[in-house]
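One structure is given here, and the rest of the page talks about it.
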Amino acid sequence: MPGPGRQGRGRGLIRTTVTTLYLAGTPDADALLARDPFALLTGMLLDQQVPMEKAFSGPAVIAERMGADHLDPAAIAAHDPEAFAEIFSRTPAVHRFPGSMAGRVQKVAAYVAEHYGNDATNIWADAATGKELLKRLKALPGFGEQKAKIMVALLGKQIGVRPDGWREAAGDYGAEGATRSVADVVDAETLLQVRATKREIKRAAKA
């Protein structure tokens, strides 16, 4: 894994294997996710205890309120914590828990700036295996096992990041034809299918 101080390639762009992403549900917000790797990573970080569209719209809201056209990890990490929390808290709030999530975003931004040359693409650009990619994602602040696996699946299915064994590393989320997570949402129909699957999983767990 790249060490601290590694020189990155600047704000890298990412190529999707679909015409556009359909995660935020609005063209501008989805376009940001498709071109800005740290925005996509931030959306994944925010994707908990709020609807998927709310989480993945967050990066565009943050960028707009910061007066930027993308999310720069170093700039976010250096932002005054109270001022950054205010960006999250301003109506409409970026997240259901704006204060704590603002802190988490700054922590992962600082990690990316320090360990990956300020370019989130470097997290996955040279990952030789799915296992290595999963390990790198799990090392990010705020990324547990499940979130990291979903991110591996999202990168593989929609961004074209497919190191050897990526499906296995993603577990059930990497299965072809699955409708389990954001990794499988490419349009309104698949969004409904994923939500139906989640409801069924919750129902089975309660039973």
Side-chain angles (χ1 to χ4, degrees), residues 1 14 16-17 21-25 30 33 37-59 71 73 88 94-112 115-116 120-121 123-124 127-186 190-207:
M1 185 170 71
I14 52 182
T16 62
T17 58
L21 294 176
Y22 191 90
L23 305 178
D30 279 321
L33 299 172
F38 189 69
L40 185 66
L41 195 70
T42 299
M44 190 71 248
L45 179 63
L46 295 174
D47 189 23
Q48 59 187 64
Q49 296 182 297
V50 293
M52 181 195 80
E53 301 96 318
K54 175 72 172 177
F56 284 92
S57 294
L71 297 186
F88 265 64
V94 172
H95 194 275
R96 180 182 176 187
F97 303 106
S100 62
M101 294 309 295
R104 291 186 185 185
V105 171
Q106 285 196 291
K107 286 180 181 178
V108 77
Y111 192 93
V112 170
H115 294 278
Y116 291 103
T121 307
I123 298 171
W124 51 82
T129 65
K131 185 177 180 179
E132 181 181 359
L133 175 57
L134 180 64
K135 182 179 179 180
R136 293 183 181 187
L137 290 168
K138 286 172 62 177
L140 297 174
F143 276 71
E145 179 90 13
Q146 183 182 47
K147 190 178 291 292
K149 285 184 175 181
I150 294 173
M151 188 67 187
V152 170
L154 177 59
L155 290 169
K157 292 181 177 182
Q158 299 200 45
I159 309 301
V161 178
R162 296 165 181 163
D164 290 343
W166 71 271
R167 288 190 186 276
E168 292 77 8
D172 291 339
Y173 301 107
E176 188 172 0
T179 56
R180 297 180 64 89
S181 74
V182 62
D184 305 308
V185 176
V186 296
T190 49
L191 174 59
L192 292 176
Q193 292 172 351
V194 166
R195 284 182 170 156
T197 299
K198 289 183 176 182
R199 285 195 298 271
E200 184 57 36
I201 290 174
K202 288 182 179 180
R203 188 178 300 115
K206 290 180 179 180

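The chain is numbered in sequence order, starting from 1.
- Side-chain atoms of P37 and W124, non-hydrogen and from C-beta on, do get closer than 4.5 Å to each other.
- Checked by atom type and distance alone, the side chain of R136 pairs as donor or acceptor with a backbone atom of I123 at under 3.5 Å.
- V108 has its side chain within reach of F38: a pair of non-hydrogen atoms, C-beta onward, lies under 4.5 Å apart.
- Considering every non-hydrogen atom in both D47 and A55, the closest pair reads CA-CB, 3.4 Å.
- Atoms CD and NZ, from Q193 and K198 in turn, are 13.5 Å apart once rounded to the nearest 0.5 Å.
- The environment of CD in E200 is crowded: more than 12 heavy-atom neighbours from other residues, nucleotides or ligands sit within 6.0 Å.
- Side-chain atoms of L46 and M101, non-hydrogen and from C-beta on, do get closer than 4.5 Å to each other.
- Within the model, atoms OG of S181 and CE of M52 stand 10.0 Å from one another, a figure rounded to the nearest 0.5 Å.
- When every heavy atom of V185 is checked against every heavy atom of Y22, the shortest pair comes out as CG1-O, 3.3 Å.
- Under the 4.5 Å side-chain criterion, counting only non-hydrogen atoms from C-beta, L21 is in contact with I159.
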Test log, rule side-chain contact (heavy atoms from CB on, under 4.5 Å), inputs D184 and T190:
CA-CA 7 Å; D184 305 308; T190 49; 5.8 Å; no
One pair to check against side-chain contact (heavy atoms from CB on, under 4.5 Å): I201 and R180. What are the steps and the verdict?
CA-CA 9 Å; I201 290 174; R180 297 180 64 89; 3.8 Å; yes
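- Salt-bridge formation is not detected for the pair E132/K135: no Lys NZ or Arg NE/NH1/NH2 atom is positioned less than 4.0 Å from an Asp or Glu carboxylate oxygen.
- Two residues are said to be in side-chain contact when any heavy atoms from C-beta on lie closer than 4.5 Å; V105 and T42 meet this criterion.
- Within a 6.0 Å radius of NZ in K147, more than 12 heavy atoms belonging to other residues, nucleotides or ligands are found.
- Rounded to the nearest 0.5 angstrom, Q48 CD and H95 NE2 are separated by 5.5 Å.
- The minimum heavy-atom distance between F56 and G43, with the atom names listed, is CE2-C, 3.5 Å.
- With respect to E53, the side-chain contact (heavy atoms from CB on, under 4.5 Å) criterion is satisfied by exactly one of L23, L191, V182: L191.
- If you take OG1 on T121 and CG on L155, they are separated by 9.5 Å, rounding to the nearest 0.5 Å.
- The shortest side-chain heavy-atom distance between F97 and F88 does not fall under the 4.5 Å cut-off.
- V112 and A120 get closest at one heavy-atom pair: CG1-N, 3.8 Å.
- Nearest heavy atoms, D172 versus A178: O-CB, 4.0 Å.
- Counting all heavy atoms, side chain and backbone alike, V152 lies closest to W166 at CG1-O, 3.5 Å.
- Between the CD1 atom in I150 and the OH atom in Y173 there is a gap of 4.5 Å [rounded to 0.5 Å].
- Proximity of a side-chain donor or acceptor of R162 to a complementary backbone N or O of G156 within less than 3.5 Å is detected.
- Using a 4.5 Å cut-off on side-chain heavy atoms (C-beta onward), L134 and K149 make contact.
- The distance from the CG atom of L41 to the CG atom of L140 is 5.5 Å, given to the nearest 0.5 Å.
- For the pair E145 (side chain) and K138 (backbone), a donor-acceptor distance under 3.5 Å is absent.
- With a 6.0 Å radius and a threshold of 12 heavy atoms from other residues, nucleotides or ligands, Q146 has its CD atom at or below the threshold.
- Between the side chain of R104 and the backbone N or O of G142, no donor-acceptor pair lies under 3.5 Å.
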